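These notes are about the structure you will find just below.
Bear in mind that the values here come from a model prediction, so they are computed numbers and not experimental data. Reckoned from all heavy atoms, side chains included, excluding hydrogens, waters and symmetry mates.
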Amino acid sequence: MSKLRFNRVLLKLSGEALAGSKKFGIDPESVSVFAREIAEVAQMGLQVALVIGGGNIFRGMAASAKGMDRAQGDYMGMLATVMNALAVQDGLEKEGVQTRVMSAIDMKEVAEPYIRRRAVRHLEKGRVVICAAGTGNPYFTTDTAAALRAAELNTEAILKATKVDGVYDKDPMEHDDATLFEQLTYIDVLSKRLKVMDSTAISLAMDNDLPICVFNLFTPGNIKRVVNGEAVGTIVQGG
Ligand code: UDP
């Protein structure tokens, strides 16, 4: 077995990643592609906790901009993450990986309740733990849920999968001359308002000294490269 850079990581996937080219809902083919990549590193012995967003189905803030009560919309967003978690669980199981979905909102017929010590035990047994329903609280995002679970599960890093190669000085989808940062500090991200994760998530990562590796999920093999210690994307850490 090759020596991995990490033993335990928290991988954050946005809901949009699961939508494929449709940009909405769940595209089973995209789910299988990512499941295969996650399965590969899990089978190399990496302990993986996953947090999956819900933006491909529902975002509370977007709904509140159109008049819906914010907290109500946020609960709907959290339920959306559970559907994504079940889809990814299915994909991972098809790859022969043992998994557990653990939900921050109690729904015992579909998922275990999130209990930190149990989650750690699952990780130690080599099961991929899929953390669903965000933090269980409105007014948060799944990025913050990722930082929270990463801290409490003692992961060594947050792997933040995105649709671009890392963190840029401006949006690379709109500007051809956007420059990629290879390294950044948490303070750089906060003070320059760089779009990595929201500020609550960045602060939590900073306070707990959790490096954030930002990389392109759509480049095949990238998850493996990151966990093997190759320089991929951007790393955000203390100064
Ligand atoms: N959400 C929430 N609390 C949490 C996590 C998520 O209320 O702890 C809601 C919120 O409405 C959010 C939605 O769930 O917009 C989907 O999550 P997010 O937007 O973070 O998904 P992503 O952008 O990663 O797909």
Side-chain angles (χ1 to χ4, degrees), residues 4-18 34 37-38 41-42 46-55 81 84 88 104 116 119-120 123 128-132 134-135 140-173 178-219 221-239:
L4 297 172
R5 173 186 183 185
F6 303 117
N7 294 312
R8 184 181 294 170
V9 295
L10 184 300
L11 174 62
K12 164 73 208 298
L13 294 186
S14 74
E16 271 174 24
L18 306 184
F34 302 130
E37 298 227 0
I38 298 164
V41 290
L46 182 75
Q47 295 183 16
V48 184
L50 271 175
V51 168
I52 306 171
T81 73
N84 286 337
V88 171
R116 187 182 75 87
V120 169
L123 290 171
V128 170
V129 173
I130 307 168
C131 302
T135 62
F140 287 93
T141 63
T142 50
D143 277 351
T144 301
L148 174 66
R149 298 298 184 232
E152 63 180 319
L153 297 174
N154 295 317
T155 69
E156 295 155 271
I158 300 170
L159 312 187
K160 161 83 179 171
T162 65
K163 51 187 175 199
V164 292
D165 285 346
V167 187
Y168 291 80
D169 58 345
K170 47 193 160 191
D171 187 347
M173 300 284 203
T179 319
L180 176 85
F181 295 106
E182 283 178 8
Q183 293 220 9
L184 284 167
T185 65
Y186 304 107
I187 297 293
D188 288 334
V189 172
L190 292 172
S191 64
K192 297 189 176 119
R193 295 184 170 273
L194 297 171
K195 290 197 168 51
V196 183
M197 297 173 100
D198 60 78
S199 57
T200 314
I202 297 290
S203 307
L204 202 51
M206 176 167 73
D207 292 347
N208 293 287
D209 242 333
L210 272 164
I212 307 168
C213 307
V214 187
F215 65 97
N216 194 335
L217 179 66
F218 296 91
T219 307
N222 251 0
I223 300 179
K224 191 171 163 191
R225 281 187 203 100
V226 174
V227 302
N228 271 329
E230 288 179 39
V232 179
T234 306
I235 176 141
V236 182
Q237 56 195 354

The residue among Asn216, Asn222, Thr234 that forms side chain to side chain donor-acceptor pair (under 3.5 Å) with Asp165 is Asn216
Side chains of Val88 and Leu18: closer than 4.5 Å at any heavy-atom pair?
yes
Heavy-atom side-chain contact between Met173 and Val164 under 4.5 Å
yes
If you measure from the Lys or Arg side-chain nitrogens to the Asp or Glu carboxylate oxygens, is any gap between Lys224 and Glu37 under 4.0 Å?
no
Qualifying residue, where the test is side-chain contact (heavy atoms from CB on, under 4.5 Å) with Cys213 and the options are Ile223, Val236, Ile235
Ile235
Beyond-backbone contact of Phe34 with Leu217, side-chain heavy atoms, under 4.5 angstrom:
yes
Interatomic distance, Asn154 atom CG to Gln47 atom CD [nearest 0.5 angstrom]
10.5 Å
Quick check for you: to the nearest 0.5 Å, what is the distance between Ile202 atom CD1 and Met197 atom CE?
6.5 Å
Does the distance from a Lys or Arg side-chain N to an Asp or Glu carboxylate O, for Asp143 and Lys160, drop under 4.0 Å?
yes
Would you say the side-chain atoms of Tyr186 pair up with the backbone N or O of Leu210, donor to acceptor, closer than 3.5 Å?
yes
Non-hydrogen side-chain atoms of Val214 and Ile212 separated by less than 4.5 Å
yes
From Thr162 OG1 over to Glu16 CD, what is the distance, rounded to the nearest 0.5 angstrom?
11.0 Å
Phe140 backbone acceptor or donor facing Thr144 side chain under 3.5 Å:
no
Candidate pair Ile130 and Val128, rule side-chain contact (heavy atoms from CB on, under 4.5 Å), full reasoning
CA-CA 6 Å; Ile130 307 168; Val128 170; 4.3 Å; yes
Hey, is the main chain of Leu204 close enough, under 3.5 Å, to the side chain of Asn208 for a donor-acceptor pair?
yes
Test item: Phe6 and Leu46 side chains (from C-beta on) under 4.5 Å apart, heavy atoms
yes
Output for pair (Asp198 CG, Thr141 OG1), nearest 0.5 Å, gives 3.5 Å
I want to check something: taking the side chain as every heavy atom from C-beta on, are Met206 and Ile187 in contact at a cut-off of under 4.5 Å?
yes
Can you check whether Val41 reaches Val9 side chain to side chain, under 4.5 Å on heavy atoms?
no
Between Phe181 and Leu194, is a side-chain contact (heavy atoms from CB on, under 4.5 Å) present by the stated rule, with each step listed?
CA-CA 11 Å; Phe181 295 106; Leu194 297 171; 4.0 Å; yes
4.5 Å side-chain heavy-atom contact, Gln237 and Gln183
yes
Do Asn84 and Thr81 have a side chain donor and acceptor closer than 3.5 Å?
no
Which residue in the set Leu159, Ile52, Leu50, Thr142 passes side-chain contact (heavy atoms from CB on, under 4.5 Å) when paired with Lys12?
Thr142
So does Ala231 get a backbone contact from the side chain of Arg225, meaning a donor-acceptor N/O pair under 3.5 Å?
no
